[in-house]
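Both counts, for ligands and for their atoms, begin at 1 and track the order of listing.
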Amino acid sequence: MRINIENYKRIINELDAANATLVAVSKIQPEKRILQLYNEGQRDFGENYVQELVDKHEKLPKDIRWHFIGHLQSNKVKYIASFIHLIHGVDRPVLLKEINKQALKNNREIDYLLQVHIADEETKFGFDEKNLQEFLNPDNPESDLSKFQNVRLRGLMGMATFTDDEEKIRGEFKGLKKMYDHHFTVKKFDQNEDENILPNRKIEPYILSMGMSADYKIALEEGSNMVRIGSLLFGARL
Ligand SMILES: *Cc1c(COP(=O)(O)O)cnc(C)c1O
């Protein structure tokens, strides 16, 4: 089966209008299908499994920007640290510590998003609002963030509840957008920057990664600027 180029072009147009970036979620997909999208100009691809990502990175063109969107185990960070473009799902301080360590070993900086738990389901990972607040509070002496010099916090990521209830999904995205605005856009950093901001929170533009095949339109309406879409492009994963 070929991938759906018509869907791809339509989505790209919608995203251009909303100033949002498409991460094509290519987990489980063979390399030749990824190449079909690559040949249409797509460069951002998202993967959930470390070994699969490492294999694909080796075999596919080197200008692909690989996003890790799954749940990342600390002991596997080392396999992707040399090339990963953005890690979406940082959901605990120990993981960040390991990413920082591996980034340092590779003599680079790694961009990441903090994952926020906005859904009902327990199966989804992430900080809740209160933990996020504590984690990002520069006045919190317990916060380790400024010690991590080889990682760059770029924004937030979240997944809505898997449901047909549009208003519920919309409400969850609204909540995430509010946290994003609070931590990344509304607060204008003042002149004396080193004193009051975390050194790894200076890089703009910031990223709000929310929306998948089933709910990306709602996510765009609610202010997403990066969507992660798999099945609409590649067909249902069997
Ligand atoms: C699989 C996955 C997606 C893509 O899901 P689709 O419904 O196929 O678009 C997006 N985000 C994450 C975190 C995923 O695991």
*Minimum heavy-atom distance Ile118-Gly158, with the two atoms named*: CD1-C, 4.2 Å

*Tell me yes or no: between the side chains of Asn225 and Tyr206, is some donor less than 3.5 Å from an acceptor?*
no

*asked:* Looking only at the side chains, is there a donor atom on one of Arg10 and Asn7 sitting less than 3.5 Å from an acceptor on the other?
replied: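 Arg10 vs Asn7: donor-acceptor pair found between side chains.
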
_Assigning hydrophobic clusters by single linkage (Ile, Leu, Val, Met, Phe, Trp, Tyr; side-chain heavy-atom cutoff under 4.5 Å), is Met159 placed with Leu233?_
no

*asked:* Show me the pairs that pass salt bridge (charged side-chain N to carboxylate O under 4.0 Å, His left out) and involve residues 65-75, at least two apart or across chains.
replied: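 Residue pairs with at least one partner in residues 65-75: Asp44-Arg65.
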
*Sort out the contact shell of ligand 1: every protein residue with a heavy-atom distance below 4.0 Å, listed by chain and number.*
Val25, Lys27, Asn48, Ile69, Met157, Met159, Met212, Ser213, Arg228, Ile229, Gly230, Ser231, Arg237

*From CA spacing to verdict: salt bridge (charged side-chain N to carboxylate O under 4.0 Å, His left out), Lys217, Glu221*: CA-CA 6 Å; Lys217 288 186 195 215; Glu221 285 164 10; over 6 Å; no

